[in-house]
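One structure is given here, and the rest of the page talks about it.
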Amino acid sequence: MEYNFSEIEKKWQQQWTKNGSYKVSNDADKPKFYVLDMFPYPSGAGLHVGHPLGYIASDIYARYKRLKGFNVLHPMGYDAFGLPAEQYAIDHGIHPAVSTENNIKNFRQQLDNIGFCFDWDRQVLTSEPSYYKWTQWIFLQLFKGWYDRKQNKAMPISDLVQRLEAEGNKHHPCPGEPKLRFTAEEWKGFDHRRQQEILMNYRLAYCGLGEVNWCEALGTVLANDEVVNGVSERGGFPVIKKKLRQWYLRITDYADRLLEGLEKVDFSDAMKEMQTNWIGKSFGAEVTFDVHTPGAPTTGNPASVPGGPAVSDSAANTPGGPGAHRLTVYTTRPDTIFGVDFMVVAPEHELIEKITSSEQRQAVEEYIAYVKSRSERERMAEKKITGCFTGAYAINPFSGLQIPIWISEYVLAGYGTGAIMAVPCGDDRDFKFAQHFGIPITNIIGDYYNGKEANATKEAKLQNSDFLDGIVMKDAIVIVINKLEERGIGIRKTNYRMRDAAFSRQRYWGEPFPIVWQGGEQSEVPEHGGAQPGQSSIATPLDEKDLPLELPHVEKYGPGPEGEGPLANVASWTARHLETNTMPGYAGSSWYFLRYMDPHNEDVFCSRQASDYWGQVDLYIGGTEHAVGHLLYSRMWTKFLYDLDQIGHDEPYKRLVNQGMIQGSSRFVYRVELKGTQEVEELARKTPVFISCGLRAIEGTPELHELVTMAVRNIFNNAAIEISQIAYSQLHVDVNIVDGVELETAKFKKWRTEYNNAEFILEEGKYICGVEVEKMSKSKFNTVNPDDLVNRYGADTFRMYEMFLGPVEQSKPWDTKGIEGVHRFLRKLWRLFFDETKGRIWTTDKVTDAEFKILYKTIKKAEDDTERFSFNTGVSALMIGVNELTDLKCHKKEVLEKLVIILTPYAPHVCEELWQLIGNEGSVLDAPYPKVEEKYLVESAKNYPIAINGKTRTEMNIALDATQQQVEALVMADEVVKKWLEGGAPKKIIYVKNKMINVVI
RNA sequence: ACCUGGGUGGCGGAAUUGGUAGACGCGCUGGACUUAAAAUCCAGUUUCCCGCAACGGAAGUACGGGUUCAACUCCCGUCCCGGGUACCA
């Protein structure tokens, strides 16, 4: 009787489906456990071996918890809206709904092959109207909500309106326009339009202007990814920044709660760190500097600046006439105010054109043009220091000194005020900038500054700092802030690096906004960036009973006339004045974990009963690439729904485990490009010549030239061939036609018609490919399809091998080779029960202590490893167990059936089969997880390693209850130890019970 | 550039709390079984040195320092690779 995996797996997959083995009920007397995977985007490329890694891990854990007696929810679905399907539609004319459906069918087939325990009755699809109805509904609640900072929670906007009517906005300043103040009377005096304008600036989902990458030639907005070297990736057309009306989520209102929430969830420290840094909460001050441009009239003595509005960075309402400008910076280190040697403003800063001196104007304009040609990504990644002096000076409010104002791309417009005060002795980037441009550096920290690099210490006693001299920096911070506030030239300020989340896309394949623009044309975008977009129209929510607002069918996916989304071209849509933007990819994924709990509910997004039963996701598995996007958004939505009392918990995920990426291991061939006579080049064009990787290493040498010449003469059978120059190009080759690193040349010739008559320059008779570890991707020909492996080795082997590859949380390159070993393990397990010739060999004989010891040792290790997600060592423990039982020729049912149970989460099919074959009733899926009997594991002695000065020299078997004295006596009597001591006495003997012994001499 | 993770044999990796570095598996080498192959089983496999051999010695966890009786593990610095950096998902 052989281990026939394909029959077994087919049989049990059918059986489990038939029996509804994976259906999950919303009420059970068992404790609940919710295991969730980050659902996939159903890409056209299908699954590669990297996808299932996390799913297998979660599947093992879900099955393990089920064996442990939990009611386990383990659902799956698809994040089905997104850019690739739309791009595919543009390229191939296939509607995204159609390609998405096909892709999902394919995904499902592939997933089913692997034998997951998903409850498919609960599948969610974000692109289904029955699902996005509720995405739209939640959006409407956000639109109709505002954040009450007094109560620290979201409230309905109607509640705000009542307050504004009663008391104006003095207790609830407007987050979108902090300086706006009005009384109840003023509020009542505003017309409807103005009131709506103001409310927009309170809403949690609001409209504003945002900069996008605009490509005129493609007539579309591009993602940062799609912009390379300042031009579009497709076509290489110029890309500029353009302001468009956008929707935003006011996630910044939740910044503090998103930070606090991290304390009560079980995420990795790295993950918490990343989110914390992303939110980037900092404390400091905004400081306003007067600006003076030589050649223009100035405001005179800084001390005489009138109180007025404390902070303003615009000249418009600054008294003092033309030329009187002010620059506001944000700093976390106001204590260094006397060390400010220059100011830097972002190239986008609106003050630049007003303050630039006539001498510097041309240089500034050139610099700004240069910055515009660079993508955001490049600006950040640039090591090179660039900048330009504006010709203007800021006046240090304390010293009265003139400080040059520079522009540089390392200051970003979106952070703080878009301007900084630079303190080169205390900040590394400022230091490098000062050095590069020869700006003199003021030392305010004495010996802490060595003149060679900046020192960001807060411990130094300040020098050259007037009234701060002698004060330790960290104490000076608050002194300066108080002084700033006293004099009305600054305020204390908490700043967040995180910005509000852009929530609209000028695309087709996403959720439509349930918004109608009333009283005007929504496409009117003010030319000069006025505070309010679409001034003549008012965003009005659709009635909730009219949801879902279904995405209309379109034939073309091009952008609208003003760069709006494709919906702007749909006459019926624009006739109703519906919003033409759609929601971004992360909308649907921000709450899908709730829908799984109650997927078919038509009355609410998820009943309170269901969400109270399932509560938080107990285990969430997904990649770190979502660390700051999806995870923050979904955490915010959860908190919002909690504020509205729609759900009873305010953190979606109790525990998060990040699976690593499985990287592709790419293979390369090297095509030789010959330069020589026309005849040679012609020949080489018709007959591509490839050189083996190892030979290529001697590139440029005469040896290579000779080698290639000889080879080419040989190939073309023409001894007269002369080659003037050799180059080669590195090309990806499909990993599936490479055996290890050796190219299967016959398959290669068939791979592409142009290679049909390829010739090879071999090393030692083989063509060796180049190797590089890269992201797994179709275009790199390094993807490995799980289906092939499942067909060849079975799902159980595949599952175990993916786990055996290494720690789930670690990224590692894929290598198919080792899969044989895991397959051998399962066959070896099978042979504990059945013999090929003899058939059944399992018995009901009495189990020996030695056999029990192996069993319980294995259970203990496997359970422990499964519990802590160390699946690779778990598999290893199971292998060791089977090896040892095989060595003892143990075929006893009592041992084997317990082994089968603990293996079930990893290899469910073969375990179910064996479970039945040894005569058990019911399914192994619900078998009780065996308890470890510790009595078989008790040891009385240990083989201690004996180290001399920390280096292991010998071993000794010593009783575990030995005392220090006993151990010392035994050790001193040992021959090896004596030899090392050479008659002397040891300085010390260190004895760590159950660990080791170290003799120090 | 910034944030974050990683670097251990020919390869994937193990070493859970500072305590025998290389578990388990792949590959490779040799052997057994077989007409042969597959399958299976046995032995060996970090590098270098000495030696007939057993035993033995030295080095060794990216690199350079440090702490400690003891460091893959902790600290300081450097290099390299992956992920993220706000419109890929």
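All figures in this text were calculated on a predicted structure; none of them were measured in a lab. When reading the values below, keep in mind they use all heavy atoms of this one structure, side chains included, and skip hydrogens, waters and symmetry mates. Letters A, B, ... are given to chains in the order of the sequence lines, protein chains preceding strands, and every chain is numbered from 1.
The phosphate of B:U4 (OP1 or OP2) has no side-chain N or O of A:N658 nearer than 4.0 angstrom. Taking only side-chain nitrogens and oxygens, A:R824 comes nearer than 4.0 Å to OP1 or OP2 of B:C26. Considering only side-chain N and O atoms, A:N949 lies nowhere under 4.0 angstrom from the phosphate OP1 or OP2 of B:A70. Taking side-chain N and O atoms only, A:T952 has a distance below 4.0 Å to OP1 or OP2 of B:A21.
The partner of B:C72 is absent, by the rule that a Watson-Crick or G-U pair needs both atom distances under 3.5 Å. Taking a pair to require two hydrogen-bonding distances under 3.5 Å in either a Watson-Crick or a G-U wobble arrangement, B:U85 pairs with B:A1. B:U40 is paired with B:A32 under the Watson-Crick or G-U wobble criterion, all donor-acceptor distances under 3.5 Å. When both distances must be under 3.5 Å, the Watson-Crick or G-U wobble mate of B:C79 is B:G7. Across all strands shown, B:A59 forms a Watson-Crick or G-U wobble pair with B:U46, both key distances being under 3.5 Å.
The only option from A:M636, A:R635, A:R499 that meets the side chain to side chain contact (heavy atoms under 4.5 Å, CB included) definition with A:I251 turns out to be A:M636. Residue A:D974 is tested with A:T954, A:L981, A:I946, A:I997 for a side chain to side chain contact (heavy atoms under 4.5 Å, CB included); the sole match is A:T954.
To the nearest 0.5 angstrom, A:F871 atom CZ is 10.5 Å from A:I56 atom CD1. One finds the CG atom of A:N581 at 15.0 Å from the OH atom of A:Y508 (value rounded to the nearest 0.5 Å).
When each of B:G13, B:U4, B:G19 is scored by its nearest atom to the side-chain atoms of A:A270, the top-ranked nucleotide is B:U4. Each of B:G25, B:U20, B:U16 was ranked by its minimum atom distance to the side chain of A:M879; first place goes to B:G25. For A:E273, the listed nucleotide lying nearest its side chain is B:U4; candidates were B:G13, B:U4, B:U20. In this structure, of B:C42, B:C69, B:G12, it is B:C42 that holds the atom nearest to the side chain of A:D887. Of the candidates B:A15, B:G57, B:G82, the closest approach to any side-chain atom of A:R868 belongs to B:A15. Closest to the side chain of A:R953, from the set B:G60, B:U16, B:A58, is B:A58. For A:N872, taking side-chain heavy atoms from C-beta onward, the closest of the listed nucleotides B:A14, B:G12, B:G57 is B:A14. Comparing B:G82, B:A23, B:U16 by their closest approach to the side chain of A:S876 singles out B:A23. Relative to the side chain of A:K979, the nucleotides B:U40, B:G25, B:G57 differ in distance, and B:G57 lies closest.
Within a 6.0 Å sphere centred on NZ of A:K828, other residues, nucleotides and ligands contribute more than 12 heavy atoms. Other residues, nucleotides and ligands contribute more than 12 heavy atoms inside 6.0 Å of the NZ atom of A:K857. When the shell of 6.0 Å around CG of A:D269 is examined, it contains 12 or fewer heavy atoms from other residues, nucleotides or ligands.
Within 4.0 Å (heavy atoms only), A:I880 reaches sugar-phosphate atoms of the nucleic acid but no base atom. Using a 4.0 Å heavy-atom criterion, one finds that A:W980 contacts the sugar-phosphate atoms exclusively. When heavy atoms are screened at a 4.0 angstrom cut-off, A:K861 is found touching base atoms of the nucleic acid. Looking at heavy-atom distances under 4.0 Å, A:N277 makes contact with sugar-phosphate atoms alone, never a base. Residue-level contact check: A:P807 touches the backbone only, with heavy atoms under 4.0 Å from sugar-phosphate atoms and none from bases.
When the C1' atom is compared between B:A21 and B:U16, the two are found 16 Å apart, to the nearest whole Å. Between the C1' atoms of B:U67 and B:C75, the separation comes to 7 Å (whole Å). Remark: the separation of the P atoms in B:G18 and B:G25 is 28 Å, to the nearest Å. Rounded to a whole angstrom, the distance from the C1' atom of B:C33 to that of B:A43 is 16 Å. A gap of 33 Å separates the C1' atoms of B:G65 and B:C50, to the nearest Å. Taking atom P on both nucleotides, B:A15 is separated from B:U29 by 30 Å, rounded to a whole Å. The same atom, C1', is picked in B:C69 and in B:C63; the two are 27 Å apart, to the nearest Å. Rounded to a whole angstrom, the distance from the C1' atom of B:A59 to that of B:A54 is 23 Å.
Put simply, CD1 on A:I958 is 19 Å from P on B:G19, counting in whole angstrom units. Computed from coordinates, the A:Q275 CD to B:C3 P distance equals 17 Å when rounded to whole Å. For the pair A:I997 CD1 and B:A70 C1', the interatomic distance rounds to 14 Å; values are reported in whole Å. When rounded to the nearest whole Å, the span between CE of A:M803 and C1' of B:G25 equals 15 Å. In this structure, the CE atom of A:M996 is 17 Å from the P atom of B:U68, given to the nearest Å. Taking atom OH of A:Y793 as the reference point, atom P of B:G25 lies 17 Å away to the nearest angstrom.
In this model, no donor atom of one side chain and acceptor atom of the other lie less than 3.5 Å apart for A:D91 and A:Y557.
A salt bridge links A:K432 to A:D428: at least one charged side-chain nitrogen sits closer than 4.0 Å to a carboxylate oxygen. With respect to A:R245 and A:E579, a salt bridge is recorded, a charged nitrogen being found less than 4.0 Å from a carboxylate O. Taking a cutoff of 4.0 Å between a charged side-chain nitrogen and a carboxylate oxygen, A:E348 and A:K241 do not qualify as a salt bridge.
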Seminar exercise, completed: Scoring nucleotides 83-89 of chain B by protein non-hydrogen atoms under 4.0 Å (B base, S sugar-phosphate only, - none) yields SSSBBBB

Exercise. Quick one: what's the B/S/- string for nucleotides 28-38 of chain B, heavy-atom cutoff under 4.0 Å, read 5' to 3'?
Worked result: -----------

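Ranked by how close their nearest RNA chain B nucleotide is to the 5' end, A:K817 and A:R429 are led by A:R429.
Ring centroids of A:F431 and A:F433 are separated by 6.0 Å or more, keeping the two rings apart.
Judged purely by atom type and a 3.5 angstrom limit, A:H51 uses its side chain to pair as donor or acceptor with the backbone of A:H48. Side chain of A:E802 to main chain of A:A57: no donor-acceptor pair is present (N/O by atom type, distance under 3.5 Å, no hydrogens or angles). Judged by distance alone, the side chain of A:W509 and the main-chain N or O of A:Q87 form no donor-acceptor pair under 3.5 Å.
In the region residues 825-837 of chain A, proximity to RNA chain B at under 4.0 angstrom, judged on heavy atoms, holds for A:R827, A:K828, A:R831.
The glycosidic torsion of B:G9 lies within 90° of 0, which places this base in the syn conformation.
Using a 30° and 60° split on the angle between ring planes, A:H823 and A:Y3 fall in the tilted class, from 30° to 60°.
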